[in-house]
There are 2 protein chains.
Amino acid sequence: MDYIDIENIYYLGPDGSNATLAMKKFLSICNIKAKNQISQKTIKSVLESIENDFSSFAVLPIENSIEGIVRETIDNLLKIKDKDIKIQGELSIPIKHLLLSKNDKVNKIKKIYSHPQALAQCSDFLYKNLPDVELIDVSSTSYAAQKVSVSDSFDIAAIANESCADIFNLNILSDDINNEKDNTTRFFILGRKNLQKNNKGKTSIIVSTKNKPGALCKVLEIFYKHDINLTYLDSRPSKKRLGEYIFLIEIEGYNYEYKIKTALEELMIYTDFIKILGSFQIYLI
Amino acid sequence: MDYIDIENIYYLGPDGSNATLAMKKFLSICNIKAKNQISQKTIKSVLESIENDFSSFAVLPIENSIEGIVRETIDNLLKIKDKDIKIQGELSIPIKHLLLSKNDKVNKIKKIYSHPQALAQCSDFLYKNLPDVELIDVSSTSYAAQKVSVSDSFDIAAIANESCADIFNLNILSDDINNEKDNTTRFFILGRKNLQKNNKGKTSIIVSTKNKPGALCKVLEIFYKHDINLTYLDSRPSKKRLGEYIFLIEIEGYNYEYKIKTALEELMIYTDFIKILGSFQIYLI
């Protein structure tokens, strides 16, 4: 079996994060051999790392089924200057949140550390069971678990995944605290080397439409006319002024397919700016 | 001059928040006399308050020019059961973040409290000047200022607006810490009583398109055909499963105008679900 040998793979850490799990899945599914698995504290630093490291991949969350788009990922993807860095694959993994602590009683907890999306995804449980607890926002769920494990306090807890209970030797106070039961996060693997493009593919683009009536309508019409399915559409502020937007659009199919190539060419006429983030396989676990 | 007399106006507090400022502007521009101005800790509780209080209005942030949509507002607007509660007006106010503390030296700060959007909006300043500081997520910028003012610690600071420096008697350590200089937040006033509908109007709707190719394209085409300008389009997860979305759409004009009425009727054919959040005046300050 042929392996893709690379130096480093970067991911949002520390160990035990959902991105760690996604990174390990990507390595095995895509037959990648990375000499080093390097965790980073922020999404921004994960992307900065691959910009400066030519033989590497990066794994980042892009969307959660409850919270929606991960803004920090999309906003930083837009800032990447090296045009050879593309999304090379996508993987969706189920997310389960647990309440972890050195304590073994829920009602002794005074402070809970977690990533803001995880806190939001468990708001019903927290509102019902721990209405007066202080919620503290940290950069990842696993960092929260690590923080609780190294602290001397017994009145603090973390919301993190099951593997963090093992890694950081914490008690599981509650193992079913998600608001919605279907909680899935979609991850991208990014890099300069192409991964296989078999089976079902997807193309992600960012466009800024011309500032005239019907511009976005025209963009969607082009895809419809070429029988291309839209799987995602989201707007982000241009950050220039209120009321100016860019759009993240995802479509079914690879950009080497004739109809997609033609559609993307036609798109140039109706847009001020197009960036192809990648055209990649959707991996299944 | 005719006043609209109401019992209560609810807003995201505590006093000094940007929502407080927006609330006061709405009262004066819309000629509303409210017996009580009641601050609430969360967006959810602001909306629950007007659901249970028939003679009241509520003021909530909906969008910021840098961060984008306020997800908690849109997700909770969707949950309102009383069909008489509508968005009655919109106002955009400029946002300026300051670093406030009892201390007078930036380099003595170890912990910073603020709303997660404000922390994100000042990330460049924080990364450059206070890379090792602990960032603590609280429910509003003014609550952060209040927390710093009542604490005995001199190594903590809050990111909040200028009025919080006065209200909570804090030093201004830095007064220009926004990443982007054009930082504006758009606020809605909601209630059961209609406010004036003069000048420029807007209609906000939430739709769920039929699950077939070109459904969203068809929706946009209807607006384009009727010469209706789209001012905003955003997707939110349906929260049922990854890949299912609802769309927040804003268009220029009032829903009593013939072309808008006709377009909304045509929309029924191509959507599974429509909720009109309101048709309202855009107030200018």
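Order of the sequence lines sets the chain letters (A, B, ...), proteins ahead of strands, with each chain counted from 1.
Of residues 60-68 of chain A, those residues lying under 4.5 Å from chain B by any heavy-atom pair are A/Glu63, A/Asn64, A/Ser65, A/Ile66, A/Glu67, A/Gly68.
Other residues, nucleotides and ligands place no more than 12 heavy atoms under 6.0 Å from the OH atom of A/Tyr127. Under a cut-off of 6.0 angstrom, the local environment of NZ in A/Lys259 is crowded, with over 12 non-hydrogen atoms contributed by other residues, nucleotides or ligands. Sparse packing is recorded around NZ of B/Lys25, with 12 or fewer heavy atoms of other residues, nucleotides or ligands lying under 6.0 Å away.
At a 4.5 Å heavy-atom cutoff, the contact between A/Glu134 and chain B is made by side-chain atoms alone. At a 4.5 Å heavy-atom cutoff, A/Phe223 makes no contact with chain B through either its backbone or its side chain. Interface residue A/Leu230: only side-chain heavy atoms are found under 4.5 Å from chain B. In this structure, the portion of A/Ser92 lying under 4.5 Å from any heavy atom of chain B is its side chain and not its backbone.
The two atoms that bring A/Arg71 and B/Ile69 nearest to each other are NH2-O, 2.6 Å, heavy atoms only. Of all non-hydrogen atoms in A/Tyr224 and B/Gly214, the two that sit nearest each other are CD1-CA, 3.3 Å.
Within the 4.5 Å cutoff, no side-chain heavy atoms of A/Asp137 are placed close to those of B/Ile136.
Separation of atoms CG (B/Leu216) and SG (A/Cys217) is listed at 9.0 Å; rounding is to 0.5 Å.
Pairs passing the salt bridge (charged side-chain N to carboxylate O under 4.0 Å, His left out) check and including a residue from residues 220-237 of chain B, sequence neighbours excluded, read B/Asp75-B/Arg236, B/Lys218-B/Glu221, B/Lys225-B/Glu266.
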